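Start at 1 and go down the list; that is how both ligands and their atoms are numbered. Values below: every heavy atom of this structure, side chains too, minus hydrogens, waters and symmetry copies. These numbers come from a predicted model, not from an experiment.
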Amino acid sequence: MEDSRGRVTREGIRLYEPADFDGMRRAGQATAAILDAVARQVAPGVTTEAIDAFIEAEIKAMGVTSATIGYKGYRHASCISINHVVCHGIPGPKVLKDGDILNIDVTVIVDGWFGDSSRMYVAGQPNRKAARLIEVTHDALMVGIEAVRPGNTFGDIGHVIQAFAEGHRMSVVRDFCGHGLGRVFHAPPNVLHYGRAGSGAVLEEGMFFTIEPMVNLGRPETKVLADDWTAVTRDKSLSAQFEHSVGVTADGCEIFTTSPGGLFHPTY
Ligand code: MF3
Ligand code: CO
Ligand code: CO
C-alpha cells in the first residue's frame with residue numbers, strides 16, 4: 001500500500017527507502033554519543049536530575065532536539081530508572097548510592113529523524129546478581145537483534161528474547177514494548193519481547209523500529225506509580241533494560257544507535 005509519504009504494509013508498518021537509513025544513522029549516532037558522554041557522570045552522590053540536566057545541555061550543545069521534553073506532558077530530556085524501576089523513571093533529587101543500577105533512556109530528533117536508545121549504568125560497583133541481570137538483559141537484546149532479517153517475523157524476535165531471559169531464570173516484562181519509529185517517535189508495530197516463533201508481521205527491508213527488552217530478576221508484573229509515569233516491578237525485584245533503534249536491511253539489520261566509544265555495555 002501507499003500513502004502520501006510512501007509505502008506501508010497491511011499492518012500499517014512504514015517501509016522506508018534506502019536513502020532514509022542515513023537520517024536514522026545521524027539521529028542514532030547523536031543519541032549514542034550522548035549516552036557515551038553520560039557514562040562519566042554516573043557515580044555515587046550524583047542526583048538523577050543532575051544527570052538529566054547534563055543530558056539536556058549535551059542535546060543543546062549538539063544542536064539537536066529532545067523528543068521527550070513536551071511529549072505527553074513529560075518535562076525531561078531522559079528517563080532514569082533505578083534498581084526496581086522498570087522504565088519511565090522521572091529525574092529528580094534522588095541521590096545515587098554505591099551499587100545502584102540504572103537505565104538511562106534518551107531520544108533525540110535530528111532533521112526530523114528519531115534516535116531512541118537506552119543502556120544500563122552502575123553507580124560504583126554492582127553486586128553479583130545485579131551484574132548478571134545487566135549481562136543477561138544486554139545479551140537478550142542482542143539475540144533479538146540477531147533475529148532481525150527479512151522473512152523472519154516480529155514473533156521470532158520476541159521468542160528468542162524470552163527464551164534467552166527465561167533460560168537464565170529471569171522474566172521478561174509484558175507491559176511495555178518496543179515500537180516502530182522513523183520520522184515519528186512511536187509508530188506501528190508494537191515490538192513484543194516475548195511470543196511465539198513465526199507469529200506476528202513479517203519483517204521487510206526498510207522497517208525501522210526499536211527493540212528494548214526489560215528483564216526482571218523476579219516476576220514480570222509491573223505497576224505504574226501515582227506520578228503516572230514511573231513503572232516498577234510489583235515484587236520490588238531488580239529490573240534492567242537495553243534499547244537500540246534498528247533498520248531492516250536486505251540481509252539483516254543495521255543498528256543505528258551503536259556506541260561510538262564502545263560503551264553500550266557498562267564496564268565495572
Ligand atoms: N524513550 C522511551 C521509549 O523507549 C519513551 C519515553 S517517553 C517519555 O519509547 F515521555 F517518558 F520520555
Ligand atoms: Co523506545
Ligand atoms: Co527509549
Side-chain angles (χ1 to χ4, degrees), residues 13-14 24 27-36 38 48-49 51-56 58-59 64-82 85-92 102-110 113-121 137-138 140-142 144-145 148 154 157-158 161 172-193 207-215 222-232 239-248 253 255-259 264:
I13 305 169
R14 185 163 300 285
M24 287 301 284
Q29 286 302 293
T31 303
I34 292 161
L35 291 178
D36 275 14
V38 162
T48 55
E49 65 198 359
I51 294 171
D52 185 69
F54 172 84
I55 292 167
E56 190 172 350
E58 285 285 302
I59 290 173
V64 300
T65 305
S66 166
T68 58
I69 296 174
Y71 177 77
K72 295 186 176 173
Y74 196 76
R75 299 166 151 281
H76 307 274
S78 62
C79 296
I80 303 184
S81 304
I82 306 173
V85 179
V86 172
C87 64
H88 301 165
I90 302 174
L102 50 151
N103 174 277
I104 302 181
D105 191 338
V106 171
T107 309
V108 300
I109 311 169
V110 178
W113 296 99
F114 286 70
D116 185 7
S117 184
S118 78
R119 310 177 186 164
M120 296 304 292
Y121 300 81
T137 308
H138 171 274
L141 168 61
M142 298 322 282
I145 289 174
V148 178
F154 281 96
I157 299 171
I161 291 170
V172 172
V173 169
R174 315 287 204 270
D175 301 335
F176 299 91
C177 56
H179 49 92
L181 85 175
R183 287 195 185 279
V184 292
F185 195 171
H186 292 111
N190 287 331
V191 180
L192 307 183
H193 305 111
M207 289 179 175
F208 296 165
F209 53 88
T210 72
I211 308 178
E212 48 182 296
M214 287 138 276
V215 175
T222 71
K223 66 175 182 194
V224 175
L225 300 185
D227 62 22
D228 275 347
W229 282 104
T230 312
V232 300
S239 186
Q241 179 179 29
F242 283 86
E243 174 178 27
H244 269 317
S245 297
V246 305
V248 183
C253 80
I255 303 174
F256 297 125
T257 44
T258 50
S259 163
F264 189 65

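- Taking the six-membered ring where tryptophan is involved, the planes of His138 and Phe264 are tilted, since the angle between them lies from 30° to 60°.
- The atoms of ligand 1 that sit less than 4.0 Å from any heavy atom of Asp105 are 1 (N), 2 (C), 3 (C), 4 (O).
- Residue Asp105 does not count as close to the Co ion (ligand 2), with no N, O or S atom under 2.8 Å.
- Counting heavy atoms from C-beta outward, Phe256 and Leu181 have side chains that stay 4.5 Å or more apart.
- Looking at ligand 1, you'll find an N or O of Glu243 within less than 3.5 Å of one of its N or O atoms.
- In this structure, Tyr71 and Phe185 have tilted ring planes: the angle between them lies in the 30° to 60° band.
- For a threshold of 3.5 Å applied to N or O pairs, the pair formed by Trp229 and ligand 1 contains no separation below that value.
- For the pair Met120/Thr137, no side-chain contact is recorded, criterion being any heavy-atom separation below 4.5 Å from C-beta on.
- For ligand 1, the atoms lying closer than 4.0 Å to a non-hydrogen atom of His179 are 3 (C), 4 (O), 9 (O).
- Contact annotation: for Lys72 versus ligand 1, there are no heavy atoms closer than 4.0 Å.
- Checking Val246, Ile13, Asn190 one by one against Phe209, the side chain to side chain contact (heavy atoms under 4.5 Å, CB included) holds for a single residue, Val246.
- Near Phe185, with a cut-off below 4.0 Å to any heavy atom, the atoms of ligand 1 are 1 (N), 5 (C).
- A side chain to side chain contact (heavy atoms under 4.5 Å, CB included) with Val108 is found for one member of Ile59, Thr65, Thr68 and no other, namely Ile59.
- Proximity of Glu212 to ligand 1, defined as any heavy-atom pair under 4.0 Å, is confined to the side chain (atoms from C-beta onward).
- The closest protein non-hydrogen atom to atom 9 (O) of ligand 1 is His186 NE2, 2.8 Å.
- Within the 4.5 Å cutoff, the side chain of Ser81 has no heavy atoms near those of the Ser239 side chain.
- Heavy atoms of Asp116 found under 4.0 angstrom from ligand 1 belong exclusively to the side chain.
- Nearest N/O/S atom of His179 with respect to the Co ion (ligand 2) is recorded as NE2.
- Near Tyr71, with a cut-off below 4.0 Å to any heavy atom, the atoms of ligand 1 are 7 (S), 10 (F).
- In this structure, the side chain of Ser245 does not engage the main chain of Thr210 through any donor-acceptor pair within 3.5 Å.
- Listed by number with element, the atoms of ligand 1 under 4.0 Å from a non-hydrogen atom of Thr107 are 1 (N).
- For the side chain to side chain contact (heavy atoms under 4.5 Å, CB included) with Val232, the lone residue among Thr222, Ile82, Val85 that qualifies is Val85.
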**Q.** From CA spacing to verdict: side chain to side chain donor-acceptor pair (under 3.5 Å), Gln29, Thr258
**A.** CA-CA 7 Å; Gln29 286 302 293; Thr258 50; 3.2 Å; yes

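- Residue contact annotation: His186 places no N/O/S atom under 2.8 Å from the Co ion (ligand 2).
- The six-membered or imidazole ring of Phe242 lies away from that of His244, with a centre-to-centre distance of 6.0 Å or more.
- Ligand 1 places these atoms under 4.0 Å from at least one heavy atom of Thr68: 12 (F).
- Our summary of the site lists the angle at the Co ion (ligand 2) between OE2 of Glu212 and OD2 of Asp116 as 160°, to the nearest 10 degrees.
- Considering just the N/O/S atoms of Glu243, the one nearest the Co ion (ligand 3) carries the name OE1.
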